[in-house]
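Ligands are counted one by one from 1 in listed order, and the atoms in each one are counted from 1 as well. Along the sequence shown, residues are numbered consecutively beginning with 1. Hydrogens, waters and symmetry mates are skipped; everything else that's a heavy atom, side chains included, is used.
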Amino acid sequence: MKTIAAQPFAYAFEPAHTALVIIDMQRDFIEPGGFGETLGNDVSLLEAIVPACQSVLLAWRAAGGLVVHTREAHRTDLSDCPPAKRNRGNPTLRIGDAGPMGRILVMGEPGNQIIPALAPIAGELVIDKPGKGAFYATGLHEMLQARGITHLLFMGVTTEVCVQTSMREANDRGYDSLLLEDCTESYFPAFKAAAVEMMRAQGAIVGWTAGSGQLLAALQR
Ligand code: TIU
């Protein structure tokens, strides 16, 4: 059993029953020319967390823990993209449109790949998800149950959209979740701060939060 200093109180987990879940660290959100930018966002903010995410990923792999990567990805015929999602707002390019990195948020396109620094390796789960949450229409819960996973460590983007939605979905399915604060980012710093605070409020109503240094230290002990 490992225990790490977290908020609002210490978080205990067995690495063998814990998965590292990396939400949507795909080129569509991190690099210019993808979905994030078409929504009008400055994507440079998100790139800054990559070194911290990479340190955690390498340490977690060395500890032998399960790694789950997600991608926000739709089928080429967009049959899994509700019109309500595709038509929302006034983006310069919509989901499925051809952009500088291929079709926006479509499986198999260059923009839909995980960034090279965090690329999946053999034995890691890669989940293509049509929603913001990692559990909706993916079978992720069943895959985690089959592997005896009870605890989840979250990182990725964006904090208040896909990360928070996934943590809330995990919470309702009975997982104890911890968000690595310096390994998640938003296009809106105030939204990140609010999301982190609201998830750990009321005695970890959604889950715990901690800096990645706390996890790395626990893995050394
Ligand atoms: N992965 C994820 O968070 N998808 C989004 O659409 N996020 C935004 O912040 N737009």
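One finds no salt bridge joining Asp128 and Arg75 here, because no Lys/Arg side-chain nitrogen approaches an Asp/Glu carboxylate oxygen to under 4.0 Å. Electrostatic pairing of Arg61 and Glu124 counts as a salt bridge here, judged by a charged N lying under 4.0 Å from a carboxylate O.
In the model, Tyr11 has no side-chain atom that pairs as donor or acceptor with a side-chain atom of His151 under 3.5 Å. For the residue pair Thr92 / Thr38, no side-chain donor-acceptor distance below 3.5 Å is found, with atom types taken as modelled.
Polar contact check, Lys132 against ligand 1: a nitrogen or oxygen pair lies under 3.5 Å apart. Any N or O atom pair closer than 3.5 Å counts here, and Tyr187 shares no such pair with ligand 1. Among the atoms of Leu39, none of the N or O lies under 3.5 angstrom from an N or O of ligand 1.
Residue Glu72 approaches ligand 1 through these ligand atoms, each under 4.0 Å from one of its heavy atoms: 1 (N), 2 (C), 4 (N), 5 (C), 6 (O). Shown in contact with Asp24 at under 4.0 Å from a heavy atom are these atoms of ligand 1, numbered in order with element: 1 (N), 2 (C). Listed by number with element, the atoms of ligand 1 under 4.0 Å from a non-hydrogen atom of Phe35 are 6 (O).
Ring geometry for Phe13 versus Trp60: interplanar angle of 30 to 60°, hence tilted.
In this structure, the side chain of Arg103 engages the main chain of Gly96 through a donor-acceptor pair within 3.5 Å. In this structure, Gln26 contributes its side chain and Glu72 its backbone to a donor-acceptor pair below 3.5 Å.
With atom 8 (C) of ligand 1 as the reference point, the heavy atom nearest to it among Val157, Thr70, Thr158 is part of Thr158.
In this structure, atom 2 (C) of ligand 1 lies nearest to the protein heavy atom Cys162 SG, 2.6 Å. Of all protein heavy atoms, the one closest to atom 5 (C) of ligand 1 is Phe29 CE2, 3.5 Å.
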